[in-house]
Number of protein chains: 2
Amino acid sequence: MPESSDHIAATFAPHDHQECARRALDEAAARLAEQGARLTPVRRRTLEILLESHRALGAYEVLDRLAAEGFGRQPPVAYRALEFLVGHGLVHRLQRLNAFTACLHPGDDHHPAFLICRSCDKVAEAAGVPIRDALSEIAGKGGFRVERATIEAVGLCATCAAGGPA
Amino acid sequence: MPESSDHIAATFAPHDHQECARRALDEAAARLAEQGARLTPVRRRTLEILLESHRALGAYEVLDRLAAEGFGRQPPVAYRALEFLVGHGLVHRLQRLNAFTACLHPGDDHHPAFLICRSCDKVAEAAGVPIRDALSEIAGKGGFRVERATIEAVGLCATCAAGGPA
DNA sequence: CATGAAGCGTTATCTTATTACATCCGGGTT
DNA sequence: AACCCGGATGTAATAAGATAACGCTTCATG
Ligand SMILES: [Zn+2]
Ligand SMILES: [Zn+2]
Ligand SMILES: [Zn+2]
Ligand SMILES: [Zn+2]
């Protein structure tokens with residue numbers, strides 16, 4: 001597994017995103033097959049929509065695109081597909097944005113910290129373990145046992161800091 | 001300043017909460033006076049409502065109580081008061097819960113991590129600095145500069161782990 | 001007291017999310 | 001083939017969270 005900092009840099013830097021998305025989709029299909037879960041058309045298309053950028057999309061943004069392509073146009077259509085994908089670790093939900101983003105390396109550390117660039121809106125996943133350890137230690141001293149944690153940062157990515165994304 | 005772990009333990013343990021809330025309110029009033037900001041009746045009552053427990057309340061929960069006490073019954077009434085209090089560091093917003101909680105030690109570390117007990121629903125503030133440092137370091141390696149971070153953990157507090165809150 | 005900014009209240013609207021229920025489809029059973 | 005079942009999909013209706021726009025009141029200040 002590559003360094004987490006590489007993932008971060010790679011997400012924000014210009015790159016062959018087609019390739020990036022294709023790999024993630026193949027990986028997702030393989031993982032679902034293993035688990036005996038069905039990657040139906042709506043689910044597949046939902047994942048593709050999220051993979052088309054490194055941004056996070058709101059459920060209604062996803063829904064609009066699905067509807068435009070002939071799928072149902074009621075909220076549960078999008079929410080169900082997203083819920084399924086989140087449940088299988090292929091998509092993450094960002095609390096700060098009320099939005100969803102595709103996971104680019106499912107399976108590694110399924111509880112990453114998220115880095116959200118306020119300029120280009122891209123979202124990167126950072127290794128969550130060390131942060132979670134720090135959190136658990138502090139909480140543990142006060143007798144609190146952490147079960148799940150949400151760690152989301154807003155800031156500026158290297159590309160934007162260097163003069164804007166485009 | 002006491003250890004962060006003391007704050008955590010104190011929040012979840014049974015204690016004289018009247019006293020706890022009174023201190024926070026006095027502290028808040030003093031800070032606002034210093035800043036020349038006005039603690040109007042709605043704002044004061046909103047803070048009191050949040051201080052009445054260590055829980056986080058939704059904006060509409062707050063609104064219901066305000067309305068019942070003769071204040072306005074439209075959403076902006078609650079949202080405005082909450083926004084003011086958040087802006088002055090007297091109340092925190094919890095993304096995970098779409099809710100607000102009173103700050104019990106304003107001024108210390110105004111960017112704490114939150115510990116939310118899933119059993120008793122109380123919310124404690126933990127020292128955020130070490131966690132933020134860990135996050136900044138990891139992000140920095142990938143060229144990302146963190147500006148603000150949301151750190152919220154769900155788990156079980158010592159009191160509940162020992163056999164329930166009541 | 002005049003004046004302007006801040007505060008409070010209302011209506012209306014928007015965004016996000018869930019509940020409830022009907023229908024469809026694929027696979028296994030009789 | 002006819003039957004049954006569970007999962008997936010679709011719809012309508014509604015709940016929950018948040019903001020925009022506007023007018024009246026309050027209050028510090030000169
Ligand atoms: Zn991921
Ligand atoms: Zn950027
Ligand atoms: Zn605080
Ligand atoms: Zn508890």
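Per chain, numbering begins at 1; letters A, B, ... match sequence-line order.
For His111(B), the NE2 atom is loosely surrounded, since the number of other residues' heavy atoms within 6.0 Å does not exceed 12.
The six-membered or imidazole ring of His15(B) lies near that of His54(B), with a centre-to-centre distance under 6.0 Å.
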For this session: For His92(B) and Glu125(B), run side chain to side chain donor-acceptor pair (under 3.5 Å): C-alpha distance rounded to whole Å, both residues' side-chain angles, the deciding distance at 0.1 Å, then the answer.
Result: CA-CA 10 Å; His92(B) 298 289; Glu125(B) 301 180 20; 3.3 Å; yes
Exercise. For nucleotides 8-20 of chain D, read 5' to 3', which letter fits each nucleotide if B means a protein heavy atom sits under 4.0 Å from the base, S means only the sugar-phosphate is that close, and - means neither?
Worked result: SBBBB----BBBB
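Residues Ile8(A) and Gly142(B) approach most closely at CG2-O, 3.7 Å, considering heavy atoms.
Here the CZ-CZ distance, from Arg38(B) to Phe84(B), works out to 9.5 Å after rounding to the nearest 0.5 Å.
Comment: Arg65(A) engages Glu52(A) in a salt bridge, judged by a side-chain N to carboxylate O separation of less than 4.0 angstrom.
Between Tyr79(B) and Tyr60(B), the angle of the ring planes goes over 60°, which puts this pair in the perpendicular group of the 30/60° scheme.
A nucleotide of DNA chain C counts as in contact with chain A when one of its atoms lies under 4.0 Å from a heavy atom; the first and last such, 5' to 3', are dT16(C) to dT19(C).
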